[in-house]
2 protein chains.
Amino acid sequence: MKSRNTVQRQLVHETVGRLADHPTAEEVYNCLHEDHPNISKGTVYRNLGYLSENGELRRIAVPGSADRFDHHTIPHYHIQCVCCGMFCDIDTPYLSQIDAKVEQATGFSCEKHDIVFQGVCPACKEKSE
Amino acid sequence: MKSRNTVQRQLVHETVGRLADHPTAEEVYNCLHEDHPNISKGTVYRNLGYLSENGELRRIAVPGSADRFDHHTIPHYHIQCVCCGMFCDIDTPYLSQIDAKVEQATGFSCEKHDIVFQGVCPACKEKSE
DNA sequence: ATTCATGCAAACAATTTGCACGATC
DNA sequence: GATCGTGCAAATTGTTTGCATGAAT
């Protein structure tokens, strides 16, 4: 369990922070590839996985499309526009009590949950009229 | 927008009902393929898609694995065991009020949401001790 | 020196699509 | 008989993996 401090790992971490707005693995790779043309896609995936496992990033599973990564690790929810794909944070309190309710109802243990709401963003609502 | 009442479409619908426990497209195909060896996988996918769009089935996007389909269309949540993959319904009230809160917070319109909790099932908890 | 991580390409899983043929309206 | 759906195979997308080489400890 000795983890190494490689240049690539730092770059991946940094890039998710720099891109700020929940990039996909692909987006991280593309951005990184500009300045560091010989970084490999496998390495980007491996490091995104590693960093998420270790709580340095948060993996967001998006229904119907590629996972996204968030450098903001405090629990919060997201919403995505079903028309244009716009993806953003929601400024709403995290429902920490529902994990406990779920544990009671199921007998599972459950420490966290994620919600990606699907809706129509203001811009797309306007367009459709 | 004229939709046709094909044998295959009915079979797909029926099979999701018969398999009851949230089958994946693959599972629906396998089951269906036994009695109807010349149904195609593309058709299964197309019909699962069609039926979900039209509210006759519910598509459940499962983080990290294939989508599942539920013939039980009343909103409810699901939980999956991160060890063994066991997937089941949760008997907990649906939080219908949070869509409204999200609409307020974001300006999006949002009529529904889905949650797949991730946890450790009782059997796996025991095994790990 | 050891061992863990990288780069590359190939493998993979889930799903979608193009197209000629067949079924339904 | 018009058109929508099917079967099949090939294409796509997102992601993982095997392996020889290279870097960090």
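Per chain, numbering begins at 1; letters A, B, ... match sequence-line order.
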Rounded distance (Å) that lies between atom [atom2] of [N] and atom [atom1] of [X]:
X	N	atom1	atom2	result
B:E26	C:dA13	CD	C1'	9 Å
B:H33	D:dT6	NE2	C1'	14 Å
B:K41	D:dT12	NZ	P	19 Å
B:N38	D:dC8	CG	P	6 Å
B:R9	D:dG7	CZ	P	12 Å
A:H36	C:dT6	NE2	C1'	15 Å
B:I39	C:dG22	CD1	C1'	15 Å
A:L11	C:dA5	CG	C1'	14 Å

### Query
Near DNA chain D, which residues from residues 61-73 of chain A have a heavy atom under 4.0 Å away?
A:A66, A:D67
### Message
Tell me which residues in residues 52-59 of chain B lie within less than 4.0 Å of DNA chain D, going by non-hydrogen atoms.
### Response
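Correct list: empty, so none.
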### Message
Measuring from atom CD of A:Q80 to atom OG of A:S65, what distance do you get when rounded to the nearest 0.5 angstrom?
### Response
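Those atoms lie 5.0 Å apart.
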### Summary
One should read off an interatomic distance between B:I79 CD1 and A:E103 CD, to the nearest 0.5 angstrom, of 8.0 Å
#### Entry: For A:T92, side chain to side chain contact (heavy atoms under 4.5 Å, CB included) partners two or more places apart
A:Y77, A:I90, B:A105
### Message
According to side chain to side chain contact (heavy atoms under 4.5 Å, CB included), who are the partners of B:D99, at least two apart in sequence or on a separate chain?
### Response
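Result, side chain to side chain contact (heavy atoms under 4.5 Å, CB included) vs B:D99: A:F117, B:Y94, B:C110, B:H113.
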### Query
Does B:I39 share a hydrophobic cluster with B:V28, counting links as ILVMFWY side-chain heavy atoms below 4.5 Å and allowing steps through other members?
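As far as the 4.5 Å side-chain criterion goes, B:V28 and B:I39 are connected within one cluster.
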### Task
Check whether A:V116 and A:L95 end up in the same hydrophobic cluster, where Ile, Leu, Val, Met, Phe, Trp and Tyr are linked by side-chain heavy atoms less than 4.5 Å apart.
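No; A:L95 is not reachable from A:V116 via cluster members.
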### Message
Given the ring of B:F69, does B:R58 sit roughly above its face, with NZ or CZ under 6.0 Å from the centre of the six-membered ring and within 45° of the axis?
### Response
no
### Task
Describe, as an angle rounded to 10 degrees, how the axis at the first end of the helix from C:dA1-D:dT25 to C:dC25-D:dG1 is tilted relative to the axis at the last end, five pairs per end.
30°
### Sequence-aligned protein contact record of nucleotides 17-25 of chain D, with B where the base is within under 4.0 Å of a protein heavy atom and S where only the sugar-phosphate is
BB----BBS
Is [X] close enough to [N] that one of its side-chain N or O atoms is under 4.0 Å from OP1 or OP2 there?
X	N	result
B:Q8	C:dA23	no
B:N47	D:dT6	yes
B:Y45	C:dT15	yes

